[in-house]
Each structure stands twice: as structure tokens, then as C-alpha cells.
Amino acid sequence: MYRTSNASAALPENAYPQQLLTGFAPRLIAWQREHGRHDLPWQNTRDPYRIWLSEIMLQQTQVSTVIPYYARFLERFPTVEALAAAPDDDVMALWAGLGYYSRARNLHRCAQVVAQTHGGKFPSTVEALAELPGIGRSTAAAIASFAFGARATILDGNVKRVLARVFGVEGFPGEKRVENAMWTLAESLVPGSTASDADVSAYTQGLMDLGATLCGRGKPDCARCPFADDCVAKTTGRQRELPAARPKKTVPTRRTWMLVLLDGDAVMLEKRPPSGIWGGLWSLPEAADEAALAERAQALGASRERAAAASPLAPLAHTFTHFKLDIEPRVVELQGEAALLEANETQTAWVPLGEIDAYGVPAPVRKLLDGLRGPLI
DNA sequence: GACGCGTGGGT
DNA sequence: TACCCAAGCGT
């Protein structure tokens with residue numbers, strides 16, 4: 001369904017040397033077998049569940065970051081059925097800190113769909129996989145090729161960088177026109193019907209490995225690259241210009257006041273709405289300024305005096321992809337009068353500081369609360 | 001088609 | 001420091 005035979009006018013397939021096109025897969029496979037990565041935790045298995053779990057976690061996330069999360073998830077949820085049966089909050093708590101939380105919600109929904117409507121078995125085609133929540137075109141191809149030997153191409157950041165350099169693809173890969181051309185090119189490079197399932201896996205892994213190890217953004221190690229002799233970037237000295245950089249955009253700064261409402265060793269958390277920043281996570285009550293924060297503290301049980309005397313903690317700066325957030329934490333301590341007077345739809349919970357791990361809490365909030373455990377209490 | 005969506009590592 | 005952006009997807 002994704003294969004389009006009409007070559008982009010900007011990037012006709014015959015613009016590339018036929019020898020490079022046909023030789024690409026076998027050379028990459030040979031290189032991967034000799035020099036690629038073979039011992040990552042999600043390799044050496046054809047279990048679609050494990051492969052799927054790793055691929056979702058690896059979306060926009062580096063390998064070293066994923067490894068401990070992957071281990072914890074597998075231990076807690078060894079099967080897709082176990083994951084499907086888990087409460088939302090348990091899934092979010094295990095995902096907390098990994099970012100892009102819609103991935104966790106889609107992961108959970110996907111597990112439920114697979115468990116309930118596919119009999120616990122992941123579908124084996126790219127098309128069927130891509131209909132599941134959180135699985136797009138590239139992730140579907142990764143799962144299908146690793147688990148089922150499907151001849152389908154991924155197109156992630158690694159592949160875009162490799163293709164841009166080796167084939168000299170111009171333009172920013174985030175631009176739709178350029179990305180479409182890269183899909184077409186990538187599809188044309190997939191090994192043919194003579195390739196075994198193991199070849200297909202090595203090919204897909206090789207695309208990732210080449211981009212992640214030799215052909216990184218900073219200083220590509222062209223001396224070890226199997227495509228150095230043919231690489232447009234290498235032969236023209238344009239490694240630094242390809243792929244074209246993302247157009248710069250200035251990120252706005254937002255400021256928020258967070259209420260650290262304590263009663264004994266417990267802090268009050270509230271559950272954020274399912275969409276938007278930190279969707280579905282548990283976080284501190286927020287307000288737009290100092291006065292609004294005091295009002296919230298009162299609404300949640302603090303006296304006027306205590307609310308007005310909220311004590312500041314060190315401001316916390318947090319950087320998102322698309323904006324910066326300056327957090328102004330304010331502490332209000334109750335004395336056994338913990339109450340929830342604020343009448344609204346928000347779920348709230350009093351959580352002992354030592355049990356924060358059981359809740360899905362955003363990374364900067366977690367950092368803030370961890371800092372409270374020693375000194376103040 | 002452009003934008004919203006986290007966090008940490010690299011330079 | 002202040003960028004850049006990583007095994008992308010959903011809307």
C-alpha cells in the first residue's frame with residue numbers, strides 16, 4: 001500500500017548509479033553481520049511483543065535511555081496479555097521519565113487490541129501493524145521485518161541521515177516532499193525475494209546501526225564505512241551539510257507556579273488530563289502566578305495565613321522540544337488537616353514522598369520532590 | 001502539512 | 001551556554 005511506483009520528479013530513481021542501488025542491501029547486510037550491534041536486549045528474539053515494545057520505546061529516544069525501561073517493562077509485563085490487563089496508572093508509572101507519554105497510552109491500548117481482537121498475536125503484515133495505536137509506517141516495518149521477515153523499509157532519523165549522505169539527497173528531511181522522496185528511495189533499496197528472513201533482519205538492523213555508530217550526526221567515521229567510495233557526502237566533503245539542518249525556530253518560555261502541599265511526609269498530587277503536556281501523569285497543582293497559587297492552596301485545605309506564607313524553593317528550568325518551562329515551586333505545610341476542598345473533576349492523591357515511584361510523575365517534578373526527601377523533612 | 005509531544009546525551 | 005536532536009506518531 002505504501003509502495004508508490006511514480007518516482008518523485010525531484011528525485012527520479014534513475015538519478016542514482018544502478019550498481020549502488022542493487023549493491024546497497026548486500027553490502028549493508030555484510031557490514032552489519034561483521035560490524036553491527038548484535039547484543040542489544042531486544043535483539044536475538046523474534047518475539048513480536050518484545051520487538052514491538054522496544055520499537056515504541058526507541059521512538060525519538062536513544063538506546064542507552066531505553067535499556068533500563070525496557071528491562072523493567074518486560075519484568076513487570078512479560079506478555080502482551082499482562083500489559084493489556086494492567087491498570088493505566090501502572091503503565092504510566094513505569095513509563096515515567098521516558099517522555100512522549102502518548103506513546104505509553106497508545107502502547108497500552110495497542111496491547112489491549114492485540115489481546116482482545118487478535119487473540120494475543122501481533123499481525124504479521126506492515127499494513128495490519130500500522131493500524132494499531134502508536135504504530136506508524138516506520139515502526140510497522142521494523143516489527144514486520146524483525147519478527148516476520150517482511151521486506152519493508154524503515155525510515156527513521158538514522159536512515160534519513162544515511163540516505164541523505166550516501167545518495168546526496170538535498171533538503172530538510174522533515175519536509176514532506178523530501179521525506180516522500182526518501183521513502184521511495186528506501187523502498188527501492190530493500191533486499192529482494194532471494195533474501196532470507198535473517199538477511200532481512202540484518203538489513204533493517206544495519207540501517208539503524210550504520211546511522212547510529214559510523215554515520216552519526218557529528219563526526220562520521222567514513223574510514224570504516226562500507227559506502228565511503230560511493231557516498232556523495234564523503235566524496236564531495238559535504239558530511240557536515242547533509243542531511244540539511246532543520247530550520248531554526250525560537251522556542252518560547254513559559255512560567256508556572258507549582259504547589260508543594262505537604263502534610264507530614266505526604267505530598268498532594270493531581271492527575272493531569274490525558275492529552276497535552278505530561279498527559280495522564282501525576283503532578284503538582286499549578287497556578288499562573290503567586291496569588292493564584294495561594295488561592296489553590298487555600299482551596300486544598302490550607303489556612304489563609306499558611307497559603308500566604310508559601311515558602312519558595314529554588315526555581316527549576318525544564319526544556320521541552322518546543323518550549324522552555326520555568327518552574328517556581330512553593331511549599332505549604334499542613335499539620336494533619338489534609339483535605340480536598342477543591343470541588344472539581346481532578347483526581348488527587350496524598351502520596352508519601354518515599355512512594356512517588358508508584359506514580360507516574362514528570363521528570364522535573366520527580367527531581368523536585370526527590371530533593372525534598374532529605375533536607376526539609 | 002505543520003505542529004504538539006519529553007527527556008537526556010552530545011558538542 | 002546553548003544549541004542539536006534521537007529506532008516517529010497522531011491529529
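So that the names make sense, note that chain A is the first sequence line, chain B the second, and so on, each numbered from 1. In what follows, every heavy atom counts, from backbone to side chain, and hydrogens, waters and symmetry copies are set aside. Just so you know, these numbers come straight off a predicted model, no measurement behind them.
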Side-chain donor/acceptor of E355(A) to backbone N/O of P352(A), under 3.5 Å: no

Atom P, compared across dT11(B) and dA7(C): separation rounded to whole Å: 14 Å

P spacing across the pair dT11(C) / dG6(B), given as an integer number of angstrom: 14 Å

Test log, rule salt bridge (charged side-chain N to carboxylate O under 4.0 Å, His left out), inputs E187(A) and R137(A): CA-CA 12 Å; E187(A) 292 281 13; R137(A) 182 175 176 180; 3.3 Å; yes

Sugar-phosphate only, base, or nothing, as touched by R105(A) at under 4.0 Å among non-hydrogen atoms: nothing

Passing option when W42(A) is tested against Y70(A), W52(A), Y49(A) for ring pair (Phe, Tyr, Trp, His ring centres under 6.0 Å): Y70(A)

Test item: H38(A) side-chain N/O and G36(A) main-chain N/O as donor-acceptor pair under 3.5 Å: yes

Donor-acceptor contact present, side-chain R103(A) to main-chain M57(A), <3.5 Å: yes

Touch class at under 4.0 angstrom, heavy-atom based, for G218(A) against every strand present: nothing

R165(A) side-chain N/O to C215(A) backbone N/O, donor-acceptor pair under 3.5 Å: yes

Donor-acceptor under 3.5 Å (Q205(A) side chain, Q32(A) main chain): no

Verdict with supporting geometry, F24(A) and Y16(A), ring-ring contact (aromatic ring centres under 6.0 Å, His included): CA-CA 11 Å; F24(A) 187 85; Y16(A) 305 114; over 10 Å; no

Of residues 90-99 of chain A, the positions that come close to DNA chain B - non-hydrogen atoms, cut-off under 4.0 Å: G97(A), L98(A), G99(A)

Partner of T204(A) under side chain to side chain contact (heavy atoms under 4.5 Å, CB included), chosen from L28(A), I154(A), I29(A), I143(A): I154(A)

Sub-4.0 Å heavy-atom contacts from residues 358-365 of chain A onto DNA chain B, ordered by number: P362(A), A363(A), P364(A)

dA6(C) versus dC5(B) - spacing of their C1' atoms, nearest Å: 14 Å

Spacing between K367(A) atom NZ and dT7(B) atom P, to the nearest angstrom: 9 Å

Sugar-phosphate only, base, or nothing, as touched by R217(A) at under 4.0 Å among non-hydrogen atoms: base

For DNA chain B, the residues among residues 316-327 of chain A that have a non-hydrogen atom under 4.0 Å from it: H318(A), T319(A), F320(A), T321(A), H322(A)

Sugar-phosphate only, base, or nothing, as touched by K219(A) at under 4.0 Å among non-hydrogen atoms: nothing

Could you pull out the protein-nucleic contacts involving nucleotides 1-3 of chain B (nitrogen or oxygen on both sides, under 3.5 Å)?
none

Polar side-chain atom of R151(A) near backbone of A195(A) as donor-acceptor pair, under 3.5 Å: yes

Flag side-chain contact, heavy atom, 4.5 Å: L210(A) against R161(A): no

Mutual orientation of the aromatic rings belonging to W31(A) and H35(A) [parallel < 30°, tilted 30-60°, perpendicular > 60°]: tilted

Spacing of D89(A) atom CG and L94(A) atom CG [to the nearest 0.5 Å]: 11.5 Å

Opening and closing nucleotides of DNA chain C in contact with chain A, under 4.0 Å to non-hydrogen atoms: dC4(C) to dG10(C)

R109(A) versus N106(A), side-chain donor and acceptor atoms under 3.5 Å: yes

Donor-acceptor under 3.5 Å (Q112(A) side chain, A84(A) main chain): yes

N/O donor-acceptor pair under 3.5 Å between R296(A) side chain and E286(A) backbone: yes

Side-chain donor or acceptor of R366(A) paired with backbone N/O of G97(A) under 3.5 Å: no

Point-to-point distance, once rounded to the nearest 0.5 Å, from CG of L269(A) to CG of L284(A): 6.0 Å

Contacting residues from residues 38-74 of chain A, given that a heavy atom lies under 4.0 angstrom of DNA chain C: L40(A), W42(A), E55(A), L58(A), Q59(A), Q60(A), Q62(A), V63(A)

